[in-house]
Amino acid sequence: MNKNHLQEIAKGIYRENPVLVSMLGLCPTLAVTTQTINGISMGITTLLVLLGSNVIISLLRKIIPDAVRIPAYIVVIASFVTLLKILLEAFAPDVNEALGIFIPLIVVNCIILGRAEAFASKNGVLKSFLDALGMGIGFTIALTVIAFIREVLGAGQITLKIAGKGSVIDLSGIYQFFGLVNENGEKAPFLIFLLPPGAFIVLGLLMGAINYLQVEIKKSLLYIKKNRILNTHDKAINTSEYHGNERK
Amino acid sequence: MKTRLQSYILPIITVISGLLISSFYYFFLPKIQKAQELKENQTMHQFFKEGTSFLKLNSSLTLVRDKQGQDLGFVCKTESNSGYGGKVNFIVALDNQWKILDFLMTEHSETPGLGTLVNEPAFRKAFYGIYPTKDNLPKGKEDFKKKLGIDVISGATYSSMAAVEGMGNVFKKTEDFYQTWQFEQIWEIVSNTYSTYAQKYPAPVYRRVVNEEAQGESQ
C-alpha cells in the first residue's frame, strides 16, 4: 500500500468526513445515535454496503449509460442492503432486531449514492474500494462519537451490548459526583440529548470543532510554509551578501 | 444501435439483482425460519421456566404445561398497528387466570434506544398481573399513571401506547379459546355445586317428601 492509497482512506476519515464535513447521511446520523452500540453497528453495516456498491459500480461504470445511472446505482445499493438484511436475519437475528428499521434505510443514505456518483463511477476498482473504506470508517467514527456523547449526557450510561453480548456501563457514580441527582438520589441525565434537539446540538458542536481544527491546521501549515520560504529567502540573501562581501 | 443496446442495461441489472436476492432468500429461508422459531422458543422458555410442553392451540395461542401435565399458562402472539414505525408484534405470557405474566416486543420498526425501551423490565413490570381487557388498560397517556402506576416512556409515547394496544388485543387473538375456558370455569363451578348438593340430598327434596307421604298412606 503506497502513500496515495493511505491518503485515499484518510480523506474519508478526516478531510472529507461524510457527516462532519460533507454533511451527508444526516437522517440516520440523527436518528440512530441514541446508544453507542447503535452508532457502531450502523456504521459497520453502512461500511459493508458502501464497499460492495462502490466496487460493483466501479466495475460497471463503462457499461451503465449516463441517462440511467442513478436508477442503476440505486438498484445495486438496494440489492446489497437486501442481501445484508437476509444474512443478518439468518445468522445474527439479534443484531438485525437491534438495528431494526435502520438497515432498510441504508438504501436512501446519501453517502452511498453520493460516493457512487462522485467517485466510483469515475475511478478504478481499487481506488473506489479504498474510498469506500475511508468513508465507511469516517462515518462509523462520527456516528460512534455522536452516540457516545448523546448517551453519556442523555442516559447516563454507555451501551456496548448487542445480541445479549457485551455490557452496559452505568455512570451513576459520575452523576452523583457532580450532584446531578433527583430527589431520590438517582442520576438525573439531560434527556434532551436523547431527543432530536440534542442530536442537532451535538452534531452542530462537533461540526464546529472539526471546522475549527481544520482551519487551525491550515493556518499552522501556512505558517510553517511561510517560515520555510522566508528562511530559504533569507539564506539566499545572506549567501549573496556573504559572496558580495568576499568580492569586496 | 449502441443507444438501443444501452437501454437494456437497467432492466438487465434489475433482473440480475432480483435473481440474486430471490436465490439468496430461497437458500437462507430455512435458516431464517429456524432462527425465528428458536427465538420464539427461547422467549417462551424465558417466560415459563418450568414449562416442558408447549401445545399450539392456534396460530397465536400456545398452552404451556409442566412435567406433571398441569397447565401453567398461555403464550399469545399479538400485535399493534400504532407503533412509531408502524406494526409492532408482541409475545405475551398469561397465567392460568389470563392475567399478564410478562411480555416482549419482538418484530418492530421502533427507534432503537427510545421505542425499544418498551422491552425494559421497568416498563414491562407495570403490566404484571393485569387482566388485559380495555377497561384495565390506559386509554391515553394521561391515563397511564392511574392504570399502570408509571408514566409513558419519555420520547416514546407512540411505542408505549402500542404496547397497551397490543395487550388489549390479547382476547381478540384468543377469543374462541378464552370463551371455552370461561365456559369450562362456569361448568366446573356448576358441576361442583351439583355434586355437593347430590351428596347431601341424594334425591330432590320435593320428590323425597312426596315419596315419604305416599309410603305413609300405603301403610
Side-chain angles (χ1 to χ4, degrees), chain A residues 31-39 41-42 56-57 60 63-94 96-105 147 150-151 154-155 159 162 164 191-192 194-196 198, chain B residues 2-40 42-43 46 83-89 104-117 119-120 153-156 159:
Chain A
V32 84
T33 51
T34 47
Q35 286 184 336
T36 314
I37 194 69
N38 287 345
S41 351
M42 180 70 180
I56 295 293
I57 288 165
L60 297 175
I63 308 168
I64 300 172
D66 258 11
V68 292
R69 66 185 194 285
I70 301 290
Y73 299 162
I74 289 283
V75 171
V76 172
I77 295 164
S79 309
F80 268 104
V81 173
T82 317
L83 295 182
L84 188 76
K85 185 149 176 69
I86 292 171
L87 284 178
L88 283 178
E89 272 177 25
F91 296 103
D94 292 326
N96 179 47
E97 199 183 300
L99 286 177
I101 186 68
F102 295 112
I103 297 174
L105 281 181
R150 283 182 72 188
E151 202 187 1
T159 310
I162 197 159
L191 190 70
I192 192 170
L194 282 188
L195 301 173
Chain B
K2 199 187 168 192
T3 324
R4 206 173 155 193
L5 268 177
Q6 279 189 332
S7 64
Y8 292 117
I9 295 292
L10 184 59
I12 290 169
I13 292 177
T14 315
V15 169
I16 292 171
S17 297
L19 285 172
L20 196 69
I21 290 169
S22 49
S23 53
F24 233 70
Y25 189 68
Y26 179 77
F27 189 71
F28 287 111
L29 186 62
K31 187 95 188 151
I32 293 170
Q33 282 172 339
K34 215 176 172 183
Q36 277 172 350
E37 255 175 52
L38 195 76
K39 179 95 188 140
E40 266 175 32
Q42 273 176 353
T43 313
Q46 192 184 319
Y84 191 67
K87 197 178 169 190
V88 185
N89 288 350
L104 261 186
M105 182 168 74
T106 49
E107 285 165 54
H108 61 86
S109 307
E110 303 304 281
T111 317
L114 284 176
T116 47
L117 291 178
N119 275 346
E120 285 297 306
I153 300 168
S154 308
S159 312

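First the proteins, then the strands, lettered A, B, ... as listed; each starts at 1.
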Surrounding [atom1] of [X] (heavy atoms of other residues, nucleotides or ligands, distance under 6.0 Å), is the total greater than 12?
| X | atom1 | value |
| --- | --- | --- |
| B:Phe27 | CZ | no |
| A:Phe102 | CZ | yes |
| B:Tyr25 | OH | no |

Next on the checklist: Would you say that B:Ile21 contacts A:Ile86 through its side chain, given a criterion of any heavy-atom pair below 4.5 Å between the two side chains?
Outcome noted: yes

Next on the checklist: With a 4.5 Å cut-off on side-chain heavy atoms, are B:Ile13 and A:Ile64 touching?
Outcome noted: yes

With a 4.5 angstrom heavy-atom cut-off, could you sort out which part of [X] is near chain B: side chain, backbone, both or neither?
| X | answer |
| --- | --- |
| A:Pro71 | both |
| A:Ile37 | neither |
| A:Ala72 | both |
| A:Leu191 | side chain |
| A:Glu89 | both |
| A:Phe80 | neither |

Next on the checklist: Among A:Leu195, A:Thr34, A:Val32, which residue has the highest count of heavy-atom pairs closer than 4.5 Å to chain B?
Outcome noted: A:Thr34

With rounding to the nearest 0.5 Å, note down the distance linking [atom1] in [X] to [atom2] in [Y].
| X | Y | atom1 | atom2 | value |
| --- | --- | --- | --- | --- |
| B:Leu10 | A:Ile70 | CG | CD1 | 11.5 Å |
| B:Ser17 | A:Ile77 | OG | CD1 | 11.0 Å |
| A:Lys85 | B:Ile32 | NZ | CD1 | 9.5 Å |
| B:Phe28 | A:Leu83 | CZ | CG | 9.5 Å |

Next on the checklist: If I measure from the heavy atoms of chain A, does B:Thr116 come under 4.5 Å with its side chain, its backbone, both, or neither?
Outcome noted: neither

